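Data block below; observations after.
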2 protein chains.
Amino acid sequence: MTKMTEATYFILAALLDAPLHGYGIIKRAGEQSAGRVKLAVGTLYGALDRLTEAGLVVLDREEVVDGRPRRYYRITDDGVTAVREEAVRLQQAARVVTGQIAVVGA
Amino acid sequence: MTKMTEATYFILAALLDAPLHGYGIIKRAGEQSAGRVKLAVGTLYGALDRLTEAGLVVLDREEVVDGRPRRYYRITDDGVTAVREEAVRLQQAARVVTGQIAVVGA
DNA sequence: AGACCATATATCGGGACCCGATATATGGTC
DNA sequence: GACCATATATCGGGTCCCGATATATGGTCT
């Protein structure tokens with residue numbers, strides 16, 4: 001079925017605009033989903049490790065801001081492809097129930 | 001987050017048109033997803049038990065065809081509501097990436 | 001007849017993954 | 001001093017997927 005979990009999907013989606021650090025991903029995912037998605041930290045770091053190993057994200061850089069370390073992650077080309085494919089699957093799955101035809105790119 | 005698993009979603013979607021028995025649900029889910037979703041039997045019966053307990057499906061009737069028993073399941077009103085709500089969530093999630101209408105409002 | 005496959009049910013165990021709890025650390029607010 | 005937001009990471013419990021296994025019938029193929 002090649003399915004992607006919801007957490008993984010929103011992590012990749014959050015990274016589409018620009019590299020973010022862990023905590024920033026959590027906040028961005030919450031924004032993009034109108035507050036519906038609240039990633040737990042345990043979910044985030046586990047998923048981030050898996051995504052890194054799969055080559056869908058890479059460690060971009062590390063910074064120290066106000067004494068707190070920040071580890072920025074960047075989505076790869078493969079990651080972009082994967083998240084777009086998943087978006088299409090989600091749309092098609094939704095259409096099974098809504099019975100509507102989504103207009104893409106209009 | 002109140003999330004519904006993909007298997008659960010396609011089981012409910014398969015029952016929208018008419019009551020089906022377990023094996024029929026597997027085939028219908030495959031049809032509706034253009035062959036992408038292949039429910040494993042272990043997934044199906046476990047999910048069916050959970051859905052029954054949650055009141056989203058009910059046992060409709062039992063038949064015996066060619067010596068083989070058939071147990072038909074029917075989706076409830078709550079099940080219809082749940083699967084429609086999930087369809088909306090899927091559509092909104094897809095839009096986050098496809099870049100269409102942003103999820104406005106809270 | 002024997003082998004195999006589709007149909008049809010159900011259970012078990014391994015594994016994947018989510019997530020709250022916990023730990024550690026800094027700096028601002030009350 | 002207490003508390004909270006920021007920021008990282010790990011651990012263990014629980015949920016759920018799914019392949020393997022078991023049981024049973026009837027059709028097809030050799």
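Chain naming here is simple, since letters A, B, ... match the order of the sequence lines and numbering starts at 1 in each. Note that the structure is predicted; figures quoted are calculated from it, not measured.
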_Heavy-atom pair with the smallest gap, counting every atom of B:A29 and B:A14_ = N-CB, 4.3 Å
Can you tell me how far [atom2] of [N] sits from [atom1] of [X], to the nearest Å?
| X | N | atom1 | atom2 | value |
| --- | --- | --- | --- | --- |
| A:K3 | C:dG15 | NZ | P | 16 Å |
| A:I11 | C:dC18 | CD1 | C1' | 11 Å |
| B:L48 | C:dT9 | CG | C1' | 12 Å |
| A:D66 | C:dG28 | CG | C1' | 10 Å |
| B:F10 | D:dC16 | CZ | P | 18 Å |
| A:L51 | C:dC17 | CG | C1' | 12 Å |
| A:E53 | C:dA16 | CD | C1' | 13 Å |
| B:R50 | C:dT11 | CZ | C1' | 14 Å |

*Hydrophobic cluster membership, B:L59 vs B:V41, 4.5 Å side-chain cutoff*: yes
*asked:* Is there a path of hydrophobic side-chain contacts, each under 4.5 Å between heavy atoms, that joins B:Y72 and B:V57?
replied: no
_So if I apply the side chain to side chain contact (heavy atoms under 4.5 Å, CB included) rule between A:L15 and each of A:L51, A:I75, A:L56, which one comes out positive?_
A:I75
*Fill in the dot-bracket string of DNA chain C, one character per base: . for unpaired, | for a pair to another strand, ( ) or [ ] for pairs within the strand, taking Watson-Crick or G-U pairs under 3.5 Å.*
||||||||||||||||||||||||||||||
*Distance check: side-chain N/O of B:T5 vs OP1/OP2 of D:dC17, anything under 4.0 Å?*
yes
*asked:* Does D:dC18 have OP1 or OP2 under 4.0 Å away from a side-chain N or O of B:T43?
replied: yes
Table of protein N/O atoms under 3.5 Å from nucleotides 5-8 of chain C N/O atoms:
| from | atom 1 | to | atom 2 | distance (Å) |
| --- | --- | --- | --- | --- |
| C:dA8 | OP1 | B:R70 | NE | 2.6 |
| C:dA8 | OP1 | B:R70 | NH2 | 2.2 |
| C:dA8 | OP2 | B:H21 | NE2 | 3.2 |
| C:dA8 | O3' | B:P69 | O | 3.3 |

*Output the single nucleotide from C:dA10, C:dG20, C:dA21 whose closest atom is nearest the side chain of B:V41.*
C:dA10
Does [X] reach the main-chain N or O of [Y] with its side chain, forming a donor-acceptor pair under 3.5 Å?
| X | Y | answer |
| --- | --- | --- |
| B:T43 | B:L39 | no |
| B:Y9 | B:L90 | no |
| A:Y73 | A:I25 | no |

*asked:* Taking the basic N atoms (NZ, or NE/NH1/NH2) and the acidic carboxylate oxygens, is any pair closer than 4.0 Å for A:R50 and A:E53?
replied: no
*asked:* Return the CZ to CD distance between B:R71 and B:E62, rounded to the nearest 0.5 Å.
replied: 4.0 Å
